[in-house]
Amino acid sequence: MRGDPNTAIAAAFKAPDISSQVLGLLKQMMTDTAELMGASEAALGTVKPDNTSAIVAVQNATAAPLELTKMEFYRFTEDWARIFLDLMGAHYGIRTVVVPDEDGGEPQRQSFDFSTLAGQDMRLQVDVGAASYWSETMQTMTNDHLLESGVITDPLVYLENVPDYQVRGKHDLLHALRMQRQQQKEANANAEQDQT
């Protein structure tokens, strides 16, 4: 025997090369399937957002064949919300619930009897729909520009419009600003009374 036996064994079991036409056929099948299923580049979010109105138009045109399926999903979600409310009324009983404070303070704990929901003929309006084209980053940038241009002058208004995760302790800060504003009003009222 001459040469390296490992090379001889590897040469005997070498797999044949795959034609590039097979790979091209697979890619074309993937593209055609995605288009037929309504998964365009705009729907998948892989297109550059240079012209937002064109992107929205392409997404709407792409989603047209799926409209009936989407409406059935919305109806399912509405029915699910009603069924879940019925289950809560039948099985939850009296439980402690957390009620948010309207002034941005600490949430309050209260007892609620869920059995009052059982057997009620409630006329519910459950709104289900697609999420709007909204971005928390864009909201923050818009708030910053409004503050810089002087449209927003109140720090409370600015802070209320900032997403919660971007300001640590946002509710405590809002509460402190409201308390400070209340103290200023009381001080101004006292000063006016002293002058009169």
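Distance OG1/T96 to CD/Q108: 13.0 Å, rounded to 0.5 Å. Summarising the geometry, atom CG belonging to D101 is positioned 8.5 Å from atom CD belonging to E106; distances are rounded to the nearest 0.5 Å. Rounding to the nearest 0.5 Å places CG of L146 at 8.5 Å from CG of N161. Distance CD1/I94 to CG/D113: 4.5 Å, rounded to 0.5 Å.
Ion pairing of E72 with R75 is present here, as a side-chain N (NZ or NE/NH1/NH2) and a carboxylate O approach within less than 4.0 Å.
N190 places a side-chain heavy atom less than 4.5 Å from the side chain of Q193. The side-chain heavy atoms of L25 and Q21, taken from C-beta on, include no pair separated by under 4.5 Å.
Taking the six-membered ring for Trp, F76 and W80 have ring centres at least 6.0 Å apart.
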Listing, residues 170-178 side-chain donor-acceptor contacts under 3.5 Å, not counting sequence neighbours, or none:
from	atom 1	to	atom 2	distance (Å)
K170	NZ	L159	O	3.3
K170	NZ	E160	O	3.4
K170	NZ	V162	O	2.4
K170	NZ	D164	OD1	3.0
R178	NH1	D103	O	2.4
R178	NH2	E160	OE2	2.7

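By the neighbour-count criterion of 12 heavy atoms within 6.0 Å, atom CZ of F112 is densely surrounded, having more than that number from other residues, nucleotides or ligands.
Connectivity analysis of hydrophobic side chains (ILVMFWY, heavy atoms under 4.5 Å, direct or indirect) links I83 to L87.
Both V99 and L85 belong to a single network of hydrophobic side chains, linked directly or stepwise wherever heavy atoms of I, L, V, M, F, W or Y lie under 4.5 Å apart. Note on Y74: it clusters hydrophobically with F84, by side-chain heavy-atom contacts below 4.5 Å among ILVMFWY residues. Under a hydrophobic-cluster definition in which Ile, Leu, Val, Met, Phe, Trp and Tyr are linked whenever side-chain heavy atoms come within less than 4.5 Å, directly or via other members, L23 and M29 are assigned to different clusters.
Closest heavy-atom contact between G89 and L117: CA-CB, 3.9 Å.
In this structure, a donor-acceptor pair under 3.5 Å is present between the side chains of Q28 and D32.
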